[in-house]
> 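Just passing along the structure, written as structure tokens.
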Amino acid sequence: MPEGHSIHRLARQFTDVFGGRRVAVTSPQGRFADGAARLDGRTLLRGSAHGKQLFVEFDGGLHLRVHLGLYGAFSFGGDEQFAGASSIGAPRRIGEREDLPAEPAVYRGPPEPVGQVRVRLVTEHGWADLRGASVCEVLTPAEVDAVRARLGPDPLRTADEGRAAAFHRRLRTRTGIGVALMDQSRVAGVGNIYRAESLFRCRIDPLRPSAELDSGQLDRLWDDLCELMAAGVREGRIVTTDPADRPDPQLPVWPEQAYYVYQRAGRECRRCGSVVQVAEVAGRKLYWCPGCQGD
DNA sequence: GAACCATGATTAC
DNA sequence: TAATCCTGGTTCG
């Protein structure tokens, strides 16, 4: 589920559970055999993220760069120490079936690879498998810098200087704000959900040329992205509805209540009752409320 | 079991 | 703009 918040969570997970540990690196699928051989046996130092790019640093100045694309995913597992260090908790078994073998009481290492495992990282206490990524490669520090130089400011990289100013600068374009927000060279980490939801929350028409937005609107948009995405990192899911816009503000948020417009085409806007619209724009589905986000 | 679709991005035409 | 990468969940028949 890879918008920027997921990648930042992955980065933290790598630091927490593999940081400072020697890692055996393989490519069961074979497509990353050369890269795996370069990393095998090194100590993993830390994970970091910029937008949807994940960087995992190893000793000797080598960095693993991963981009999950639309359907890439990591899965993790390990012993009690691994689960204790994990920032995303013990691995959940999704779609568990009764005929699956029971989890062994004692951790004896990673399971047989299932499907196309591009990379497998194994330490004494746990493992990580990568499947379906669109990018998986080993980079030098200079190459990492080159990748990052192509990216806009990331709402989740709070330590980076001048981010709000960079956001303003890079959104000075005639491109529609809805398309501009998905352009990773303008702002990094925003995907289809965050763009739709933050534009709704800021009452901005997604088709409006970005450069027509005034400074206050851009400020509010940036602040909202920072807030929404930080919440996404904390909670491990995207929830953009304010409690007041949910049936019972006290109750846990059901998936159906999590968004204002994303995947709600044809349904009534939670705030104004207008019918939520969808259109294919630049190859992606764009959702908005004509009532709340008109001019 | 097939078909379709997705929180992404690059490449070719 | 379309094809591609090639996973996994959901929907269809």
Side-chain angles (χ1 to χ4, degrees), chain A residues 1-11 27-32 35 49-54 65-76 88 91-97 100 113-120 128-137 139 146-152 154-156 175-176 178-201 206 225 228-241 253 255-256 258-266 276 278-288:
Chain A
M1 296 87 197
E3 292 197 27
H5 70 301
S6 303
I7 312 307
H8 281 261
R9 279 171 68 81
L10 275 174
S27 178
Q29 172 201 55
R31 278 183 58 188
F32 185 62
H50 188 147
K52 298 166 189 169
Q53 310 283 332
L54 173 69
R65 172 197 172 215
V66 171
H67 193 296
L68 295 179
L70 189 54
Y71 36 68
F74 273 102
S75 44
F76 295 91
I88 63 176
R92 265 164 271 163
R93 294 223 267 159
I94 300 161
E96 185 172 359
R97 284 162 26 194
L100 285 176
V114 176
Q116 300 290 304
V117 177
R118 185 86 53 88
V119 193
R120 166 168 279 187
D129 282 352
L130 172 65
R131 292 182 184 78
S134 61
V135 175
C136 176
E137 62 183 1
L139 298 184
V147 170
R148 290 199 49 207
R150 298 200 304 263
L151 298 172
D154 179 347
L156 290 170
T175 305
V179 171
L181 280 187
M182 297 279 280
D183 179 346
Q184 302 297 302
S185 71
R186 301 186 190 278
V187 55
V190 177
N192 207 9
I193 300 178
Y194 282 126
R195 75 108 170 231
E197 296 292 305
S198 61
L199 288 173
F200 172 89
R201 289 165 55 94
L225 286 170
L228 284 182
M229 293 174 74
V233 173
R234 274 198 312 276
E235 293 162 34
R237 62 183 293 210
I238 303 179
V239 173
T240 63
T241 50
V253 185
E256 141 63 18
Y259 309 138
Y260 285 107
V261 292
Y262 178 74
Q263 282 191 343
R264 295 196 71 243
V276 174
V278 63
E280 184 114 352
V281 178
R284 306 300 300 278
K285 294 208 166 168
L286 171 64
Y287 300 87
W288 79 99

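A, B, ... follow the sequence lines: proteins, then strands. Residue 1 opens every chain. Scope of the values below: all heavy atoms of this structure, side chains included, with no hydrogens, waters or symmetry mates.
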> Between the protein and nucleotides 2-6 of chain B, are there any N/O to N/O pairs under 3.5 Å, and if so, what are the atom names and distances?
from, atom 1, to, atom 2, distance (Å)
dA6(B), OP1, Lys285(A), NZ, 3.3
dA6(B), O3', Tyr262(A), OH, 3.3

> So, using salt bridge (charged side-chain N to carboxylate O under 4.0 Å, His left out) as the criterion, who are the partners of Glu137(A) when residues are at least two apart?
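In terms of salt bridge (charged side-chain N to carboxylate O under 4.0 Å, His left out), with neighbours along the sequence ignored, Glu137(A) is linked to Arg65(A).
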
> Measure from the side-chain heavy atoms of Ile238(A) and tell me the nearest of dG8(C), dT7(B), dG8(B).
dT7(B)

> Please list, chain by chain and in numerical order, all residues satisfying side-chain contact (heavy atoms from CB on, under 4.5 Å) with Ser134(A), sequence neighbours excluded.
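For Ser134(A) the side-chain contact (heavy atoms from CB on, under 4.5 Å) partners, ignoring immediate neighbours, are His67(A).
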
> Gln116(A) and Arg131(A): side-chain donor and acceptor closer than 3.5 Å?
no

> Please give, in whole Å, the distance from dA9(B) P to Ile7(A) CD1?
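So the CD1-P distance, Ile7(A) to dA9(B), works out to 10 Å.
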
> State which residues pass salt bridge (charged side-chain N to carboxylate O under 4.0 Å, His left out) with Arg264(A); sequence neighbours excluded, sorted by chain then number.
none

> In this structure, how many angstroms lie between the C1' atom of dT7(B) and the OH atom of Tyr194(A), rounded?
9 Å

> Could you tell me how far apart Arg195(A) (CZ) and dA9(B) (C1') are, to the nearest whole angstrom?
14 Å

> Measure the acute angle between the ring planes of His5(A) and Tyr194(A), then classify it against the limits of 30° and 60° as parallel, tilted or perpendicular.
perpendicular

> Gln29(A) CD to dT7(C) C1': how many Å, rounded?
11 Å

> Which residues satisfy the side-chain contact (heavy atoms from CB on, under 4.5 Å) test with Ala265(A), sequence neighbours excluded?
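With neighbours one apart ignored, the set is Val278(A), Tyr287(A).
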
> For dG8(B), does OP1 or OP2 lie under 4.0 Å from any side-chain N or O of His67(A)?
no

> Taking atom P in both dT11(C) and dT7(B), compute the distance separating them and give it to the nearest angstrom.
15 Å

> Verify the contact: side-chain N or O of Gln184(A) to OP1 or OP2 of dA9(B), cut-off strictly under 4.0 Å; return yes or no.
yes

> Sticking with atom C1', work out how far dG8(C) lies from dT10(B), rounded to a whole angstrom.
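Between the two C1' atoms, the distance is 22 Å.
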
> What integer distance in Å separates Arg264(A):CZ from dT7(B):P?
17 Å

> P atom, dG13(C) versus dC5(B): distance in rounded Å?
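Going atom to atom, P in each nucleotide, I get 12 Å.
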
> Check side-chain contact (heavy atoms from CB on, under 4.5 Å) between Ala146(A) and all other residues, then give those that pass, not counting sequence neighbours.
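Once residues adjacent in sequence are excluded, Ala146(A) has no partner under the side-chain contact (heavy atoms from CB on, under 4.5 Å) criterion.
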
> In whole angstrom, what separates Glu235(A)'s CD from dT7(B)'s P?
21 Å

> Roughly, in whole Å, what's the span from CD in Glu137(A) to P in dA9(B)?
15 Å

> Rounded to whole Å, how long is the line connecting atom CG of Leu181(A) with atom C1' of dT7(B)?
15 Å

> Tell me whether the OP1 or OP2 atom of dT7(B) has a side-chain N or O from Lys52(A) closer than 4.0 Å.
no

